[in-house]
Amino acid sequence: MIAAEIWKLSAVEIARRVRNKEIRAVEVAESALSRIESVDPILHAFCTTAADLARSMAAKVDDMVASGRDPGPLAGVPVGIKDLVATKDVRTVCGSKAYEGFTPDEDDIIVERLRNAGAIFLGKTNVPEFGYSGVGHNPVFDTTCNPWNPAMTPGGSSAGSGAAVASGMCPIAVASDGGGSIRIPAAHCGLVGVKPSAGRVPLYPGCRDERYPGISSWESLEHLGPLSRTVADSALMLSVMAGPDPRDRHSIPVSDVDWLDLSIESVRGKRVALSLDFGYVAVDPEVRKLVKQAAQFFSNDLGCVVEEVVPNWSDPYEAFWAIVAADTDLVGMREMVATHGKQMTPHLVDFIQKPWSAEQFTEAHKMRQTLCNSMWRLMENYDYLITPTLTTPPFPLHVQGPEKIDGKIVHPFQWLSFTFPFNMTGQPAASLPAGWTQQGLPVGIQIVGRHLADTSVLQACAAFERAAPWGDRWPAL
């Protein structure tokens, strides 16, 4: 392979070639940095690049390989790190003027693990302010654009991670998901995005340290996971990221999960519930059509039993945002607004200053309990729930969401109706490419598993990838 085209390789293939001395990690790093230099002026995926760090990490991997030491499962693999995730000695701005000059003195747990696994850090990927949005603009950096059409949003809040992977700047990237922020850019950028079960991947210092109000602050909703072009790359990344840590009181064991077991035969005979609108969601007709066609692969090609269902719950939108508020450091962030409010995102300021009540919080938790009960009862009869990932294809930049979907006026975050319920339940869920619209924009299909059924979800993803491959599609940048 020509050195300049190394950026097209998967993470699995890069790690294999580096370990086998077929390519050097420094070559991989230079290819990735060259790709960033070429396309990031269009997409603005990276808000902070770390070229010197990438080169030094690559050189360390090469030294380990040369001396016969194990460089780790991600040997020489370039990674983008979401800018809500703390990185020692690399600034973490969170898309906010309040953190514009902030450089953490410690790594997040998963950053430690990625370092130890031989990954190469390219820099930090762009986010909306503190992640309180599903798109890719903020008050500090240039707006992140969609590689399939730079006039459109890539989704968020892992906006830069999605744009970076879809355009080949890196094969994998760190994403976080408090209401869909792994799956949203996966759907809008034509990628694989896996939200593992709650607690599988630990998080610290975000959500766990009072020194950093606003950083990954949705403690009971937040999940960390990968964005990639292939299911195997996401599985490899999760095998490194997952596992308990005492710094995260919500983290759980992973002894019941084999992240790398992607046996597709295990999917045969599974029961699949298909819901295209939950009975209350306005869905773009082209999204509905593409997801329904994609779901047919499970019955026609994979030997599953697929049944359309209408789940037994009402829209938990208001409850979700009340839980976000309950998770938020309102004292710390209101102090932030007092100092920086005029430079902050208006809808975030309004959210922080809203006079939330105890009754709103307790009613929201009751709704969450009802939703969880409805889900386990549904999943008693099914192995998977399949939905659209989002209600709409990518839409133009600098709005929070479309005003109308399928001719109906909707609230600005209605397009996220299929993602945030599974942050409330904590179930594993993944987004995969269902297809592309007539305008060439990606649409995602979401696969939701039973409680803690991470291996099963990854196997379903691998089976669908085999039946309806997308790996040869690249945006025409």
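- Scored by the ring-ring contact (aromatic ring centres under 6.0 Å, His included) test, Trp259 finds no partners at all (sequence neighbours excluded).
- Under the 3.5 Å distance criterion, with hydrogens and angles disregarded, a donor-acceptor pair is assigned to the side chains of Tyr384 and Ser456.
- Applying the salt bridge (charged side-chain N to carboxylate O under 4.0 Å, His left out) rule to pairs touching residues 441-461 yields Arg200-Asp454, Asp383-Arg450, sequence neighbours excluded.
- For the side chain to side chain donor-acceptor pair (under 3.5 Å) test, residues two or more places apart in sequence or in another chain that qualify with Lys82 are Ser157, Ser158, Ser176.
- In this view, Glu219 and Arg208, Arg249 satisfy the salt bridge (Lys or Arg N to Asp or Glu O under 4.0 Å) rule, not counting sequence neighbours.
- Each of Met333, Lys354, Met344, Lys342 was compared with Val349 under the side-chain contact (heavy atoms from CB on, under 4.5 Å) criterion, and only Met344 meets it.
- Within the 4.5 Å cutoff, no side-chain heavy atoms of Leu302 are placed close to those of Ile264.
- Put simply, the side chain of Gln400 reaches to within 4.5 Å of the side chain of His137, judged on heavy atoms.
- For the side-chain contact (heavy atoms from CB on, under 4.5 Å) with Thr389, the qualifying choice from Val443, Leu432, Thr419 is Thr419, the only one to do so.
- Side-chain contact of Asp261 with Thr455: a donor-acceptor pair under 3.5 Å is absent, judged by distance alone.
- For Asp177, the side chain to side chain donor-acceptor pair (under 3.5 Å) test picks out Arg183, Asn423, with sequence neighbours left out.
- Judged as a side chain to side chain contact (heavy atoms under 4.5 Å, CB included), and not counting sequence neighbours, the contacts of Asn126 are Cys47, Asn138, Phe141, Thr144.
- Partners of Phe130 by ring-ring contact (aromatic ring centres under 6.0 Å, His included), not counting sequence neighbours, listed by chain and number: Tyr99.
- By the 4.5 Å heavy-atom criterion applied to side chains, Lys292 and Glu308 are counted as neighbours.
- Using modelled atom types, one finds no donor on one side chain facing an acceptor on the other under 3.5 Å when comparing Trp321 with Tyr132.
- Residues satisfying the side chain to side chain donor-acceptor pair (under 3.5 Å) criterion with Glu112, sequence neighbours excluded, are Arg247.
- Scanning for ring-ring contact (aromatic ring centres under 6.0 Å, His included) contacts around Tyr212 gives Phe102, with sequence neighbours left out.
- For the ring-ring contact (aromatic ring centres under 6.0 Å, His included) criterion with Phe418, the lone passing option out of Phe278, Tyr280, Phe413, Tyr317 is Phe278.
- Two residues are said to be in side-chain contact when any heavy atoms from C-beta on lie closer than 4.5 Å; Thr230 and Val192 fail this criterion.
- For the pair Ile405/Val287, no side-chain contact is recorded, criterion being any heavy-atom separation below 4.5 Å from C-beta on.
- With 3.5 Å as the limit, one finds a donor-acceptor pair spanning the side chains of His223 and Lys195.
- Trp415 is linked by a ring-ring contact (aromatic ring centres under 6.0 Å, His included) to His188, Phe395, counting only residues two or more places apart in sequence or in another chain.
- Electrostatic pairing of Lys97 and Glu100 counts as a salt bridge here, judged by a charged N lying under 4.0 Å from a carboxylate O.
- For Thr387 and Ser275, the side-chain atoms include no donor-acceptor pair closer than 3.5 Å.
- The side chain to side chain donor-acceptor pair (under 3.5 Å) test applied to Ser266 returns Gln459, not counting sequence neighbours.
- Applying the salt bridge (charged side-chain N to carboxylate O under 4.0 Å, His left out) definition to pairs two or more places apart or across chains, none involves residues 140-165.
- Side-chain contact between Ile110 and Val201 is present, with heavy atoms from C-beta onward closer than 4.5 Å.
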